[in-house]
Chemist: 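Right, I'll just put the structure down here and ask away after.
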Number of protein chains: 2
Amino acid sequence: MTSTSSHAAIGIGELASRTHCKPETVRYYEKIGLLPAALRNEGNQRRYSEATVQRLMFIRHARDFGFSVDAVRELLDMADHPTQPCQQVDSLARRHLAEVESRIQRLTVLRDELQRTVAQCDGGSVEQCRIIEVLSDHRLCSHNTAHGGAEALR
Amino acid sequence: MTSTSSHAAIGIGELASRTHCKPETVRYYEKIGLLPAALRNEGNQRRYSEATVQRLMFIRHARDFGFSVDAVRELLDMADHPTQPCQQVDSLARRHLAEVESRIQRLTVLRDELQRTVAQCDGGSVEQCRIIEVLSDHRLCSHNTAHGGAEALR
DNA sequence: CTAATACCTGTAGTCACTAGAGGTTCAAGC
DNA sequence: GCTTGAACCTCTAGTGACTACAGGTATTAG
């Protein structure tokens with residue numbers, strides 16, 4: 001048996017594989033306080049309960065939604081206080097949604113500018129390349145504002 | 001006069017302000033080799049020509065388009081060889097465009113899921129909050145694949 | 001001449017992990 | 001009991017593209 005039975009303590013490897021992350025990530029989350037310090041067995045290895053599996057699933061799912069680690073910290077805190085009103089949760093999620101929408105907006109403008117520029121390249125020499133020309137002179141862009149690609153990507 | 005005359009050597013502060021970045025960024029670009037080592041005056045301070053202003057404008061504009069520093073390095077290299085065919089430029093720009101489009105795609109899927117989730121919250125207690133519930137259980141999501149928000153944002 | 005400003009170098013911090021070195025513990029087979 | 005290999009441990013450094021200091025020097029305006 002590979003110890004997948006329901007209420008036995010599990011090791012970091014199984015915890016990681018059941019939550020689609022790596023042992024390094026689990027140790028990292030413990031270090032930054034997203035997960036509490038794990039119980040250890042006699043040989044100093046971490047042992048986890050089902051409750052930790054659930055907590056880590058929550059964390060991974062929230063991260064997968066694009067919430068920052070700090071936001072996840074707040075969400076966990078709220079989830080730990082179930083009788084409180086969920087206004088803060090709602091507000092956090094709406095702010096996140098607004099950020100995603102803004103990101104889409106900026107990337108769409110950038111995409112249009114890139115498409116226009118790329119479409120104008122006729123495949124000659126670099127000397128007459130429209131892409132290089134546009135990069136050399138912002139006045140050739142359709143907007144005179146920044147594209148914001150450096151922030152909207154990466 | 002604040003030394004804005006056309007062909008005099010300028011300092012790092014003026015170079016920075018004319019290219020919408022900071023002196024630290026200029027020094028950083030020099031360090032990583034995007035800009036050549038600057039000439040110095042008697043007091044060891046960097047002095048720049050108009051050519052450097054142009055080069056840095058190109059760099060900033062390309063970064064603003066979202067090209068990575070490595071991509072900018074390649075673009076600069078190509079721009080420095082004007083008689084070569086611009087096929088590589090074109091290919092680099094098209095790959096970048098594809099990346100931007102993919103990013104928009106992923107963020108759009110994420111936005112839809114977030115919108116759906118946020119819309120279901122009725123403002124009660126955390127206990128019955130749909131947002132917390134969805135984060136706790138991926139099966140409540142409309143797709144059973146990852147949302148990829150952690151990679152698509154950030 | 002003085003004071004404010006701009007500049008210099010070098011280091012560390014950001015974010016959310018990931019990768020590696022160098023050592024220890026565990027589980028299975030013989 | 002012994003061996004072997006996988007899994008685990010801690011600690012450090014690296015990623016991208018800057019940004020922010022600290023502690024010192026140069027320039028410039030008045």
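All values below come from the heavy atoms of this structure, side chains included, with hydrogens, waters and symmetry mates left out. Letters go in sequence order (proteins before strands), and every chain restarts at 1.
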Chemist: Going only through I, L, V, M, F, W and Y residues with side-chain contacts under 4.5 Å, is there a path from B/Ile12 to B/Leu39?
Modeler: no
Chemist: Which whole-number value in Å describes the distance from B/Ile10 CD1 to C/dA6 P?
Modeler: 15 Å
Chemist: Please check the phosphate of C/dT18 (OP1 and OP2 only) for any side-chain N or O of A/Arg27 closer than 4.0 Å.
Modeler: no
Chemist: Reckon B/Arg46 has a side-chain N or O less than 4.0 Å from the OP1 or OP2 of C/dT9?
Modeler: yes
Chemist: On the 0 to 90° scale, with breaks at 30° and 60°, tag the A/His147-B/His61 ring pair as parallel, tilted or perpendicular.
Modeler: parallel
Chemist: Within this structure, what is the CD-to-C1' distance between A/Glu30 and D/dC11, rounded to whole angstrom?
Modeler: 14 Å
Chemist: Taking B/His96 for its side chain and B/Phe65 for its backbone only, find out whether a donor-acceptor pair lies under 3.5 Å.
Modeler: yes
Chemist: Given that B/Arg47 and B/Ser68 both sit by DNA chain D, which one's nearest nucleotide is further toward the 5' end?
Modeler: B/Ser68
Chemist: Please identify which of these residues, B/Gln105, B/Glu99, B/Arg106, meets the side-chain hydrogen bond (donor to acceptor under 3.5 Å, both in side chains) condition with B/Ser102.
Modeler: B/Arg106
Chemist: Figure out the CD/C1' separation between B/Glu14 and C/dA6, and round it to whole Å.
Modeler: 13 Å
Chemist: What nucleotide, of D/dT19, C/dC26, C/dC7, holds the atom closest to the side chain of A/Gln45?
Modeler: C/dC26
Chemist: With a 4.0 Å cutoff (strictly under), does any side-chain N or O of B/Asn44 reach OP1 or OP2 of D/dA26?
Modeler: no
Chemist: Measuring to OP1 and OP2 of C/dT9, would you say a side-chain N or O of B/Arg40 lies under 4.0 angstrom away?
Modeler: yes
Chemist: In whole angstrom, what separates A/Arg63's CZ from C/dC15's P?
Modeler: 12 Å
Chemist: Would you say B/Thr25 places a side-chain N or O within less than 4.0 Å of OP1 or OP2 belonging to D/dT19?
Modeler: yes
Chemist: Can you tell me the distance, in whole Å, between the NZ atom of B/Lys22 and the P atom of C/dT14?
Modeler: 16 Å
Chemist: As a test of reading the structure: which of D/dC18, C/dC7, D/dA20 is closest to the side chain of B/Tyr28, going by heavy atoms?
Modeler: D/dC18
Chemist: Salt bridge or not for A/Arg46 and A/Glu30, using N-O below 4.0 Å?
Modeler: yes
Chemist: Using atom CD1 of A/Ile32 as one end and atom C1' of D/dC11 as the other, report the distance to the nearest whole Å.
Modeler: 17 Å
Chemist: Could you state the atom-to-atom distance from CD of B/Glu24 to C1' of C/dA6 in whole Å?
Modeler: 11 Å
Chemist: Let me know the distance between CG of B/Leu15 and P of C/dA6, rounded to the nearest Å.
Modeler: 15 Å
Chemist: Would you say the side-chain atoms of B/Arg55 pair up with the backbone N or O of B/Leu34, donor to acceptor, closer than 3.5 Å?
Modeler: yes
Chemist: OP1 or OP2 of C/dA16 less than 4.0 angstrom from a side-chain nitrogen or oxygen of A/Lys31, does that happen here?
Modeler: no
Chemist: Under 4.0 Å between a side-chain N/O of A/Tyr29 and OP1 or OP2 of C/dA16, yes or no?
Modeler: no
Chemist: Side-chain N or O of A/Arg60 less than 4.0 angstrom from OP1 or OP2 on C/dA16?
Modeler: no
Chemist: Starting at the 5' end of DNA chain D, which residue's closest nucleotide do you reach first, B/Glu42 or B/Asp70?
Modeler: B/Asp70
Chemist: Taking OP1 and OP2 of C/dC26, is either one under 4.0 Å from a side-chain nitrogen or oxygen of A/Asn41?
Modeler: yes
